[in-house]
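These notes concern the structure reproduced below.
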Amino acid sequence: MTYLYDDPAAFAEDALAGFCDLHAGAVRRVPGGAVRADRPARPKVAVLPGGGSGHYPAFYGVIGPGFADGAVSGNLFTSPSTQDACSVAAAADSGAGVVFSYGNYAGDVLNFGLAAETLRARGIRAEHVVVTDDIASAPPQQAEQRRGIAGDFVVFKILGAAAEEGLDLDEVVRAGRKANAATRTIGTAFSGCTFPGSDTPLFTVPDGQMGLGLGIHGEPGLRDLPLPSAAVLAEDFVGRILAEKPGGAGDRVAVVLNGLGSVKHEELFVLWTRIAALLRESGHTPVLPEVGELVTSLDMAGVSLTVTWLDEELERWWRAPAATPAFRRGETRHEPAAAPVAEVVAEPAAPRYAAASPESRKLAEAVLDGLRAVRKALHGAETELGAIDAVAGDGDHGRGMVRGIDAALAGAESAWHDGAGAGDCLAAAGDEWAARAGGTSGVLWGAGLRAAGEAIGAESGVVDVRVVVDAFADRVVRLGGAEPGDKTMVDALEPFRTALVVGKPWAEAAAVAEAAARDTAALTPKKGRARPLAERSVGTPDAGAVSLALIVRTLAEGIR
Ligand code: ADP
Ligand code: MG
């Protein structure tokens, strides 16, 4: 339960604003997150962890010397947008490049990946280190598919220390990837978390049980097991982690015993006694272990154990000093800053649209009407889409689509007022959708609508919807990399496109999309947040496929 909030939809922004006010001497708020208040005295690699909000002190709590240079912070449990990541990176870069680091989730991978491309095109070197520590989320043979959970903390700490040593971008990235390769986490949930403004948790754990293999975004555990004693849980955790000891690893380990939000420190200490004993019995030496709340999931009750096998350099970086609002270690040297960072206010870039023909202006009105109809439909379906996504994903799909379409319509209307034609209105809608919604669906819908808008152009008042849908679908498929059968929106999109190509009218193609979306219930997810919970997902359709079908059905009215 979240007791205190104003506008639930603004909870993440409101929390970040409070944090930045409280720590005004250390951090500065920038669009999309926060950065250190001081510029480095000499150019250094900027380490930028990021992801959705709701995980404090991850990610902005660890901004400071020896740790992060800034943090990219999305909406609750929703990946930040590409624009968020670019904005924070531009504010944090001091000339030596930036490294984004984030857990392995489709939305984060897409948005940070696009941001790195955008930054490189602007002359800022940008790399990324993806965290994949959750051993419950995929077998060792598919380790690269694993999710990132509390291992984030160790990887970010090591990246921060390596950058503080003055290493160059490639070396900092190498340090981070090495830390990730040496890190394993297992966690368990005792009860689900509840979004501000909601009175039901995203999932529940049956009485007397625990959900082994927790997610940190309100995903339920992968398997419900009887709730054991602390000693038995410690044995289970340590046994699972040691079974995955990397080949050739030594016996010195960084350890994080993490509380997810509402497990008491005393309980963690009880568990720690057992874990420490078992690690020592197995010949391991815990080095500066951390027990506390380091990567949380709102008010979720749960714990996770992270072990990172250290060699000499990893141990040096793990031990290195750090001074951040939420984490402090040793004494950091304070180098006088060249100049403090000013509060950055988003500068609205002056929109420039191609001269539009009167026909295209007329068509733009139809585009706006379509967006308005879709907005109404998505608002009506918000709860249902969230509930579908909560079965095996993280429950944010309804919220994300609503945030996206609201921004998209506002963007298109503003473009229209600035004289834009149909294509530019739709492209502006896409840009705003991607910038404001975040998440996997946000980046895909945003990029898809921009591509559709580019296909329409500014001249004609007549468009071939097949060309526009093709442009949308090509962009979504190329960017997301999903194939038919992976259980994503592509499973509704491809049959829809095919139906149009073979000459079916829009309304019939929409019916095909709806049937295809329903049929995704039988599929097992291979992409996105639902993948680790594949079995749980069977019997429920894919949220993104359902919303896509709803949108094309809604548009059938206006499209002839
Ligand atoms: P997130 O997964 O970041 O929480 P949403 O819940 O808004 O984002 O969207 C989830 C939907 O995104 C899924 O139901 C699926 O349809 C779609 N999706 C996930 N990964 C991909 C992908 N690689 N390609 C296309 N669609 C995807
Ligand atoms: Mg989701």
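Both counts, for ligands and for their atoms, begin at 1 and track the order of listing.
Checked options Phe67, Phe156, Phe327, Phe19; the residue passing with Tyr60 is Phe19 (criterion: ring-ring contact (aromatic ring centres under 6.0 Å, His included)).
Listed by atom number, the atoms of ligand 1 under 4.0 Å from Asp389 heavy atoms are 6 (O). Proximity to Ala543 (heavy-atom distance under 4.0 Å) selects the following atoms of ligand 1: 14 (O). Residue contact check: Ser441 has heavy atoms under 4.0 Å from atoms 5 (P), 7 (O), 8 (O), 9 (O) of ligand 1. For ligand 1, the atoms lying closer than 4.0 Å to a non-hydrogen atom of Met489 are 15 (C), 16 (O), 26 (N). When each atom of ligand 1 is checked for a heavy atom of Asp542 under 4.0 Å away, the hits are 13 (C), 14 (O), 15 (C), 16 (O).
Residue Val490 has no N or O atom closer than 3.5 Å to an N or O atom of ligand 1. Checked by distance only, ligand 1 and Leu444 stay at 3.5 Å or farther apart across all their nitrogen or oxygen atoms. For ligand 1, none of its N or O atoms has an N or O atom of Lys527 under 3.5 Å away. Considering backbone and side-chain atoms alike, Gly439 places every N or O at 3.5 Å or more from each N or O of ligand 1. Remark: ligand 1 and Lys487 share no N or O pair separated by less than 3.5 Å (distance only, no angle test).
Remark: the Thr185 side chain and the Asp133 side chain contain an N/O donor-acceptor pair separated by less than 3.5 Å. Residues Thr2 and Asp299 have side chains that never bring a donor and an acceptor to within less than 3.5 angstrom of each other.
Ionic pairing of Arg372 and Asp369 is present here: one or more N-O contacts between side-chain nitrogen and carboxylate oxygen are shorter than 4.0 angstrom. Ion pairing of Glu117 with Arg120 is absent here, as no side-chain N (NZ or NE/NH1/NH2) approaches a carboxylate O to less than 4.0 Å. Ion pairing of Asp84 with Arg436 is absent here, as no side-chain N (NZ or NE/NH1/NH2) approaches a carboxylate O to less than 4.0 Å. One finds no salt bridge joining Arg399 and Glu382 here, because no Lys/Arg side-chain nitrogen approaches an Asp/Glu carboxylate oxygen to under 4.0 Å. Using a 4.0 Å cut-off between charged side-chain N and carboxylate O, Arg146 and Glu244 make a salt bridge. Salt bridge status for Asp406 with Arg375: present, with a side-chain N to carboxylate O gap under 4.0 Å.
Asp396 OD1, 2.9 Å is the protein heavy atom nearest to atom 6 (O) of ligand 1. For atom 23 (N) of ligand 1, the closest non-hydrogen atom on the protein side is Gly480 O, 2.9 Å. Nearest to atom 5 (P) of ligand 1 among the protein's heavy atoms is His397 ND1, 3.4 Å.
Heavy-atom proximity to atom 20 (N) of ligand 1, evaluated over Thr520, Val477, Thr440, is greatest for Thr440.
For the pair Ala482 and ligand 1, a heavy-atom separation below 4.0 Å is found.
Of the heavy atoms in Asp394, only side-chain atoms (C-beta onward) come closer than 4.0 Å to ligand 1.
Within 6.0 Å of CG on Asp7 lie more than 12 heavy atoms contributed by other residues, nucleotides or ligands.
Closest approach between the Mg ion (ligand 2) and any N/O/S atom of Asp394 involves OD1. Distances from the Mg ion (ligand 2) to each N, O or S atom of Asp396 single out OD1 as the nearest. When you scan the N, O or S atoms of Asp389 for the one nearest the Mg ion (ligand 2), you land on OD2.
Taking the six-membered ring for Trp and thresholds of 30 and 60 degrees, His55 and His217 have ring planes more than 60 degrees apart, a perpendicular arrangement.
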